[in-house]
Amino acid sequence: ERRVKMSEFFLNVVNMSISASWLVLAVLLLRLLLKKAPKWITVLLWGIVAIRLICPFSIESMLSLIPSAETISPEIMIGNPGINSGVPIINNIVNPIISESFTPDPSTSANLLQILIPILSIVWVIGVVVMLIYTVISYFKVKRKIGTAVLLRDNVFQSENVISPFVLGTFKPKIYLPFNMSKQDIPHVIAHEQAHICRKDYWWKPLGFLILTIHWFNPLMWLGYVLFCRDIELACDEKVIKELNTEQKADYSQALLSCSVNRRMIAACPLAFGEVGVKNRVKTVLNYKKPAFWIVIAAIILSTVVAVCFLTNPRTTLDDELSVFLDMQIAEYHYSEEHTDGNFIAVHHKVLGIDKSLNETTVYMWALYHEYSYENGEINLESGAYTPTVITVKQTGSHGHYELVEYWVPRDGSYYAEDIMEKFPLYLQSKALDPQRYIDEQLEFCDNAAKEYFPSHSNIGGVDSSNVYTFE
């Protein structure tokens, strides 16, 4: 049981990482579009990515641009292996490969994913631990180097062991400078490092690295962290140089070049003055122009749109109008001319998955249809049907009106399983082939609806009347 919970937790982290990957791609695009916008807005976009990566829940929205909030379901270990990326092309490429490689062998009942996923979760934990150890060791190595630092003034120290200026500290951050730094460069360097302190970057960079530690298996997160570090440096440069004249900007650029270092390892700390993208920073400093007001407003609006569209999940539930329309279609499909006046029809559908295109919605479900009669104080089930069903509709107008495109049920007999496997996406096939999975809750719903409908049983409640129909 512990192994199963660990595997489910790991898959949850993977799904969060995949969802955030779409947001990272959006931020990469926006970085190109917002080159003339203030750099703090770009840093803010990375903050949105961080929220997506660490927040365990998200509200559903029609505006969401995340294709799927659960690409890999925990049920992949017990059912037909497959993913739901929310992108049909990806599903069509990946799912046949997964199915061919990991479909359980009926003769041995062995499911390789039940072995592989727990192993991968252990590898993930080991990776997290290794990165945390690396962070702790790196921090204490830096602390040891600055043990002999000498106070220059305020919170500024100098040390012979410091190669490039940096900020270090969580609650009382300090600035460390090398002894051999030019007096001309010191004011610019201190101004830059004070900007880091003012912006609380000594918190945000370690937090970003901690998030990277959790999502270390995702290459996009490594790219995102590298660019995040560059963007916070550019934001600090911008904060300092916006008050400088042309000559002072040249001096600031010279300070960048003088303090530049070649760091090959990604680190959580410290915040070093000349370690990130010096060439690009010098170019940005020399070419800096104050962003126009309309650019700032446009950038803020774009950032807000990104937050709304990528911090929310796609809707997996149906709106009331569509739900009622589907129940009506189920009732009409199974309704018989032999229906007796006074009988009661109850319908319940359990949504398994939803596919949406520009103008059509396809709903995969288990549909239950029951017809009840009432005689001599007893409720009797006269007829019923329980089938995996696929209903495709298109919306007509903007007021919740729908039109039926296709109503599909599998053929009986030997064609039953074959039809389901052809019609249902791979990641839903195990649910569609398991009639016992949802039947109890659906039966309870319909039975309670019948008891509520007939007068002598009106004391039983808790039924949504929109799912109950009578045909007389």
Side-chain angles (χ1 to χ4, degrees), residues 39 43 131-210 225-226 228-245 247-282 284-285:
K39 301 305 177 185
V43 176
M131 290 190 67
L132 289 175
I133 292 174
Y134 163 72
T135 302
V136 172
I137 292 175
S138 299
Y139 177 79
F140 282 106
K141 283 178 68 176
V142 173
K143 287 284 288 183
R144 187 175 62 182
K145 284 184 177 181
I146 60 176
T148 59
V150 177
L151 178 64
L152 178 64
R153 66 173 184 264
D154 300 327
N155 64 334
V156 182
F157 292 78
Q158 286 185 303
S159 171
E160 72 277 4
N161 295 322
V162 173
I163 300 175
S164 179
F166 61 83
V167 172
L168 188 67
T170 304
F171 301 106
K172 293 182 178 181
K174 298 178 177 63
I175 299 171
Y176 295 91
L177 309 176
F179 267 123
N180 60 352
M181 175 172 286
S182 167
K183 289 184 179 181
Q184 182 182 357
D185 294 340
I186 288 179
H188 297 300
V189 171
I190 292 178
H192 177 92
E193 302 301 348
Q194 292 290 13
H196 274 307
I197 294 174
C198 181
R199 289 167 39 82
K200 309 296 182 185
D201 289 335
Y202 56 91
W203 286 352
W204 307 136
K205 185 176 179 181
L207 177 61
F209 191 82
L210 180 61
Y225 180 75
V226 170
F228 163 69
C229 291
R230 290 187 181 182
D231 288 341
I232 61 176
E233 294 298 333
L234 289 170
C236 282
D237 289 339
E238 185 177 76
K239 185 177 178 66
V240 175
I241 65 173
K242 63 183 180 182
E243 304 298 336
L244 302 182
N245 57 37
E247 183 180 348
Q248 290 170 326
K249 289 178 185 178
D251 291 339
Y252 186 90
S253 299
Q254 183 58 47
L256 275 174
L257 293 172
S258 300
C259 299
S260 63
V261 293
N262 184 19
R263 179 186 287 272
R264 295 184 179 181
M265 295 292 289
I266 293 177
C269 60
L271 287 160
F273 177 72
E275 72 171 10
V276 177
V278 171
K279 182 178 179 181
N280 181 49
R281 288 169 62 189
V282 169
T284 302
V285 168

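Quick caveat: nothing in here was measured; it's all calculated off a predicted structure.
No side-chain heavy atom of V142 sits under 4.5 Å from any side-chain heavy atom of Y176. The side-chain heavy atoms of Y252 and V240, taken from C-beta on, include a pair separated by under 4.5 Å. With a 4.5 Å cut-off on side-chain heavy atoms, V167 and D201 do not count as touching.
Of the inter-residue distances, the one linking I175 atom CD1 with R153 atom CZ reads 9.0 Å to the nearest 0.5 angstrom. Between I241 atom CD1 and S253 atom OG the span is 7.5 Å, to the nearest 0.5 Å. In this structure, the separation between CD1 on I137 and CG on L132 is 11.0 Å, given to the nearest 0.5 Å. To the nearest 0.5 Å, atoms CG (L168) and CD1 (I146) are separated by 5.0 Å. If you take CG on D231 and CD on E238, they are separated by 11.0 Å, rounding to the nearest 0.5 Å.
Remark: Q194 engages N155 in a side-chain hydrogen bond (donor to acceptor under 3.5 Å, both in side chains) (not counting sequence neighbours).
Scanning all heavy atoms of the two residues, the minimum distance from F157 to K174 falls at CE1-CD, 3.3 Å. Of all heavy-atom pairs between P165 and E193, the closest is O-OE2, 3.7 Å. Closest approach of M131 and F209 over heavy atoms only: CE-CZ, 3.8 Å. Annotation for N161 and K145: closest pair ND2-O, 2.9 Å, computed over non-hydrogen atoms. Closest non-hydrogen pair, T170 versus W203, comes out as O-NE1, 2.6 Å. Closest approach of P178 and S164 over heavy atoms only: CD-C, 4.3 Å.
Considering K39, R199, H196 in turn, R199 is the only one that fulfils the side-chain contact (heavy atoms from CB on, under 4.5 Å) rule with K239.
If you look at H188 and H192, their ring centroids are not closer than 6.0 Å.
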